Amino acid sequence: MSTQKPAGLRIRDLRVVFDGFAAVDGVDIDVSPGDVRFIIGPNGAGKTTLVDAVTGLVKATGSAAFDGQELLGRKVHHITRLGIGRTFQTAAVFEELTVLQNLDIAAGTNRGLLTLLRRRKSVPDSVAQAMETIGLTSARDRLAGTLAHGQKQWLEIGMLLVQDAKLLLLDEPVAGMSQDERDTTGELLGMLSEDRTVVVIEHDMDFLRRYARTVTVMHAGRILSEGSVAEVQADLKVQEVYLGHAKATSQALVQEV
Amino acid sequence: MTTATGRSAGTGADEKPEHSADRTRRFGPGTPLRAAAGFALAAIVLFAVAPLVLGDFRLNLLAKYLCLAIVAVGIGLAWGRGGMLALGQGVFFGLGGYAMAMHLKLADAGPGNLPDFMQLYGQIDKLPWWWEPFANPVFALAATVLLPVFVAFLLGSLVFRRRVRGAYFAILSQALAAALAIYLIGEQGTTGGTNGLTDIQGFFGFRLDDPLNQRAVYFIIAACLLLMLALVRQLMHSRYGELLVAVRDAEERVRFLGYDPANVKLVAYMVAAGMAGLAGALFVPAVGIISPALIGVVPSIEFVIGVALGGRATLIGPVLGAIAVAWAKTTLSEQFPAAWTYLQGLLFVIFLAFLPNGLASVAGLVRRRRPAPADRKAAQPKSVPLTAETGGAGQ
Amino acid sequence: MTLVFSQLFTGISIGAVLLLIALGLSLTFGQMNVINMAHGEFIMAGAYTVYVVQQIITNAGVSLLVALPVAFLVAGAMGVVLEFLLIRRLYTRPLDTLLVTWGVALILQQLARDIFGAPNVQTRAPDLLTGSITIFSSGDGNDLMVANSRLFILTLALLAVAALTLGLRMTPLGRRIRAVVQNRDLAAASGIATGRVDRMTFFIGSGLAGIAGVALTLVGPIGPTMGTNIIIDAFLVVVVGGIGQLKGTVIVAFALGMMQSLVEYSTTISVAKVLVFLTIVAFLQWRPQGLFTLRTRSLA
Ligand SMILES: Nc1ncnc2c1ncn2[C@@H]1O[C@H](COP(=O)(O)OP(=O)(O)OP(=O)(O)O)[C@@H](O)[C@H]1O
Ligand SMILES: [Mg+2]
C-alpha cells in the first residue's frame, strides 16, 4: 500500500449542464491531502453529478485537478490510472465473478499482456490483505452476486484498496446498511483515510458526525456552506434548506443518549 | 453423465466427504487434470473412433461439421464470455474461405492461366490485381486468418471505442454480412457471383477426389479444432478471461478500474474472427466450394444457434451444439425441409427465451442435485457458474 | 439536369419505402428497445393480406383500400401475441430477444410457404396506380416521369408519420407511451400500467409494418422471404436516426434512399451497398447514439 504523502483535489468553477439544466453550477472545492470530506445536500443537489464529472463519466467545464494534474477532458480509465477511485450509489461489483476474482481484477490494472494471458497461480499479497480487511476471506470463492448488500459495498471498498487509489470518492457507502454494518464501514473508512484523501457523499448525519473531518453542503448545484461539522451545523443557510435532515440529526443524538 | 450415475456419485460424496472434496479439487470442472482427460477423450474420438467407424462419405460430413464447430468455439468466446453477439461471423468465414479458394483455383488453373469461371464469363482477359497475391501459397494461407482478424480489428475498434451499444453492434455485423454477400454476388466476373468458387480440384498438390486425401483433410480439420479449443480454454481460464466476463457484465465498472474495455473486447472479437476465417479456409478443401450463400445474414445467424444450444459460456458446449445442429440440418432438411425450418425456429425460441445457458444448464441442474461436499459452503449460484473456479465452488 | 432530378426522385421513393418499413421499428426498437427480427415477417403478413383480400374483393382499388386497415390489424395482432408470449419476458435481454424473434421469423416464413406456396404471388395494382405522371417536360424526350405507385407510397409514408406524430403528442395513449419511454419507473409509480402501454406500443408498431407490407405489393414481389431482405436496412435507418426520435428516422430514411440512388447511379448496386454500409459506420463514429438522442441517465 502506498506510503507516499497523499495529495489533494482542487476544483474550480465546475459546471455540468444537461439540456440547459445546470446540475452542477460553478462549484469550487479544495480537499486537502489526508482530509475526510463529506459532501451532503438534499436529493438532486448535484453531488453524484459532481463525482461523475471528476471521474470523467459526464462532460464538464471548469477545472478539476488532482495532484496538479488536470482531470477534465481525460478518458475515464486514464483518470482512474492517475489514482482516483470511486464507488457507486448502487453497489457495482462483478456479480458472476468470485470475490477473489473481483479483487484480482481491481489489483491488475498495470499487468502486462503476458501476465493477463496466464492463469492466476497464487493470490497476490495486496488482494489477500484487502480480503482480510473487508472481512471476506472466508467468502473468497463465492460469487459476488450472492453476497449480502453490505458485503457488496465492502467488496467495492476492497477493490479501491487494491487499486491503490490515492483519492477515493464514495457515493453513499452506508445507504441501506444496518447499524452494525455502518460501524464496520466506518472502521474501514478510518483505515482507508490513513494514507488517502477521501470524499464521501452521504445522507446519514449520524455517520457524518462520527467520521467527517470537514463537510461541504451542496444545494441546487452550488456550494451552500463549508467547514467543520459544527460550523456547518450552525450555519443558518444550511438549517434553512436542510431542516428535515437537521431534525434527523438531533433525533439521532437523542436516541444515542 | 446420466442421472443415475450422478446420483450414485452423490451417495459416495455423502459417505466420504473429505475424499470427495479432494476429488473435486483435482478432477472438478476446470481443473487441469480433467481438461487433459477431456482433450484425450476428444482426440481418441476424433482421430481413432470416427475414422474407423465412419465411411468416407460420413467422415467428410463430419469434417464439414467440425469446421462449423470451430466457428462456434470463437462465437462462444466472443458472445458467451464477452457479451458481443457476433452476428456477422459469416463475413470472416467467407473471407477465410475465399482466400483459400482463390489460391486453390489459381493453382488448379496453373501459372499464367485464368481460373475457369473467369474464362467462362469471358468479361476479362487479365487476372484482377487483387487476385494476384493469392497465387502465393504462403500469402494465401496467412490471409485466411489475418484478413478476417484485420477486418474484425477495423470494425471492432470503430464500434467498441465509440461505446456503440450491443444491439447496434449486432445489427452492424449483420449489415456487414449482407453487404459482403451482395457485393460478391454482384461482382460475378471476378468472384464467381452466386455460384461462388466451385469445383476445386487440388489441395497444395494433392487431388481432392482421392478418398485418402480427403481423410487427410479431415485429420487436419480435427487437429485444428483441438488446437482452437486449447487456445480458447487458455484464454477463458486466464486473468484475461476473468476480465472479459467482467466487461460483459459491467463494462463501465471495468473502466473505473483503469482498463479500457474496448481493448478487452477487441481481443476476443479478433480471436473469434480469426477462428471463423480458419474454419472457412478448412471448409473449402472439405466441401470443395465457397459461395455467398455461406456468408450472408441467414448463415451468419445460423452459426449462433448451435452455440446457444450447447451453452454459450462453456468451452465444449458450442462444439457439441454446432455439430448437433449441423447434423440435424443434413438429416432433416433434405427430406423434410419444412420440418427443419420449424425446428430451427423453435430451437431459437426455446433456447434463447427459456434456456439461455443452453443444454449446459440442464447438465448443471443434474449435477447440482448432488449434496454439497461438507467442507464447502453452498453458494447457491443464481445461474450456471461461468468460471472454472466457481464451477467447483458452486456445487 | 433531368437525370439529376430523376435520380433524386428515385432516391425519394426508395426513402419513402425505407421510411414505411422503418416507422414501426422506430416504435418497437426506438421507443421500447426491442429488436424484433420478425418485423419483416409482419410486413410480409401485410403484403399477403392484400393477396387474400383480392381473392374476395376483385376490384383492385377497393381491395387495396380495404387491405390497409385489415393489414394493420393483422400485423398488429401478431405483434401483440408475440409481445405477450415472448418479448415481455425478455425486456432485460435485448440480444436474446433478437435471436428469439429471428426464430419466430423463421417459423412465420415457413408458415407462409405452407399456406401460400414457396413461389412469389401476384397482386393487382389499381389502374390509377400503374401509370406515371410527367412532372417535368424537357422537350428532348428526357421527361421526368414519376410512377404513380411511388407517389402513393410517399403519400402513405408521410401520412403515417403525421398520424404517428400527432398520436404521440395529442392522445392520452401517446402521452403515456412517451412517459414510459422517458422514465419507466416514474411512469409506473404515477399509476401508468406500463405493461399495457408496452402492448399497445407494440400493436401500433407492428400494425405499421402491416401498412408497409400493403405498400410493398405495389413495387416488389410478395414472397415468404421478402421480410429478411429488408429488415436489416430498416434497422439501420433507426440506428442511424437515433433511438426514441421519430424525426431521426424520417430524415435518415430519405438521406439513405437518396444516397443509395446516387451511388447506385454512378457505380453498381453491389458497390452502393458496401459504400452505404461504410458511411453508416463512419457516421456512428461521429454520433454513436444516432442523429438525435434522448438523454437518459444510466451506466450502460
Ligand atoms: N444524465 C442526466 N441527464 C439529465 N439530468 C440529469 C442527469 N444526471 C443527473 N441529472 C439531474 O441532475 C440533478 C442532480 O443529480 P445528482 O444525482 O447529482 O443529485 P444527488 O445530489 O446525487 O442526489 P441524491 O442524493 O438523490 O443521490 C438532478 O436533478 C438530476 O435529475
Ligand atoms: Mg446521488
Side-chain angles (χ1 to χ4, degrees), chain B residues 79 83-85 87 154-155 158-159 161-172 174-188 191 250-253 255-256 296-298 301-302 304-305 308 337-354 356, chain C residues 29 33-35 37-38 85-87 89-90 93-111 113-114 118 224-225 228-229 231-233 235-236 238-240 243 268-278 280-282 284-290 298-300:
Chain B
W79 180 38
M84 293 162 273
L85 180 49
L87 278 184
L154 283 185
L155 186 68
L158 289 177
V159 171
R161 236 169 262 297
R162 291 299 304 187
R163 302 198 204 177
V164 171
R165 306 189 315 169
Y168 287 18
F169 172 69
I171 291 169
L172 285 177
Q174 285 182 303
L176 179 62
L180 183 65
I182 290 175
Y183 180 80
L184 287 170
I185 292 172
E187 305 295 300
Q188 191 176 33
T191 63
E251 179 167 341
E252 285 301 319
R253 187 71 185 88
R255 231 183 267 281
F256 284 100
V297 175
V298 177
I301 295 192
E302 276 180 13
V304 170
I305 183 61
W340 164 243
T341 310
Y342 283 128
L343 178 68
Q344 202 189 3
L346 278 177
L347 286 179
F348 272 109
V349 172
I350 293 168
F351 277 93
L352 287 139
F354 303 107
Chain C
F29 178 46
N33 231 335
V34 170
I35 307 181
M37 294 300 281
L85 290 182
L86 289 171
I87 291 176
R89 304 163 202 272
L90 297 169
R93 288 155 46 196
L95 294 182
D96 289 355
T97 313
L98 189 161
L99 294 170
V100 167
T101 50
W102 175 263
V104 173
L106 286 178
I107 293 172
L108 291 178
Q109 280 171 30
Q110 190 56 41
L111 274 176
R113 240 174 251 129
D114 286 349
T225 55
T228 331
N229 299 333
I231 188 75
I232 305 291
D233 285 339
F235 270 113
L236 285 181
V238 183
V239 164
V240 176
I243 286 288
T268 59
I269 295 187
S270 54
V271 175
K273 268 280 176 215
V274 176
L275 282 182
V276 168
F277 173 76
L278 293 178
I280 288 173
V281 172
L284 288 177
Q285 292 304 298
W286 174 52
R287 276 182 173 260
Q289 311 299 329
S298 69
L299 260 184

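Naming convention: chains lettered A, B, ... in sequence-line order (proteins, then strands); numbering from 1 in each chain. From a predicted model like this one, the values you see are computed outputs, not experimental measurements.
- Proximity to chain B is limited to the side chain of C:Leu86, based on heavy atoms less than 4.5 angstrom apart.
- Screening C:Thr101, C:Leu99, C:Thr97, C:Leu95 for a side-chain contact (heavy atoms from CB on, under 4.5 Å) with B:Leu352, the sole residue that qualifies is C:Leu99.
- Contact count against chain B (heavy-atom pairs under 4.5 Å) is highest for C:Asp114 among C:Val104, C:Leu278, C:Val271, C:Asp114.
- Looking at every heavy atom in both residues, B:Ala353 comes nearest to C:Leu90 through CA-CD2, 4.0 Å.
- Ranked by heavy-atom pairs shorter than 4.5 Å toward chain C, the options B:Val298, B:Leu184, B:Leu343, B:Ile301 are led by B:Ile301.
- In this structure, the portion of C:Leu98 lying under 4.5 Å from any heavy atom of chain B is its side chain and not its backbone.
- Considering only heavy-atom pairs separated by less than 4.5 Å from chain B, the leading option among C:Ile87, C:Ile280, C:Asp233, C:Val274 is C:Val274.
- Contacts between C:Ile107 and chain B at a heavy-atom distance below 4.5 Å involve backbone atoms as well as side-chain atoms.
- Looking at C:Val239, both its backbone and its side chain come within 4.5 Å of chain B, counting heavy atoms on both sides.
- Under the side-chain contact (heavy atoms from CB on, under 4.5 Å) rule, C:Leu284 has a single partner from B:Leu158, B:Val159, B:Leu172, which is B:Leu172.
- Shown here for B:Phe348 and C:Gly103, the closest heavy-atom pair between the two residues is CB-CA, 3.5 Å.
- Counting only heavy atoms from C-beta outward, the side chains of B:Val297 and C:Trp102 approach each other to under 4.5 Å.
- The part of B:Leu155 that comes within reach of chain C is its side chain, from C-beta onward, which places non-hydrogen atoms under 4.5 angstrom from that chain.
- Heavy atoms of B:Leu346 lying under 4.5 Å from chain C belong to its backbone as well as its side chain.
- Ranking B:Ala179, B:Gly345, B:Ala181 against chain C, the residue ahead of the rest is B:Gly345, based on heavy-atom pairs under 4.5 Å.
- The contact between B:Ala170 and chain C is made entirely by side chain atoms (from C-beta outward), counting heavy-atom distances below 4.5 Å.
- Chain B forms more heavy-atom pairs under 4.5 Å with one residue of C:Val281, C:Val276, C:Leu236, C:Leu111 than with any other, namely C:Leu111.
- The closest donor-acceptor contact from the side chain of C:Arg89 to the backbone of B:Phe354 lies at 3.5 Å or more, if one exists at all.
- Residue contact with chain C, scored on non-hydrogen atoms closer than 4.5 Å, involves the side chain of B:Val304 exclusively.
- Among all heavy-atom pairs drawn from B:Ala338 and C:Gln110, the shortest one is CB-NE2, 3.1 Å.
- The choice from B:Leu87, B:Leu347, B:Ile305, B:Val349 that makes the most heavy-atom pairs within less than 4.5 Å of chain C is B:Val349.
- When each of B:Leu180, B:Ile350, B:Leu176 is scored by its heavy-atom pairs under 4.5 Å with chain C, the top score falls to B:Leu176.
- Heavy atoms of B:Ile182 lying under 4.5 Å from chain C belong to its backbone as well as its side chain.
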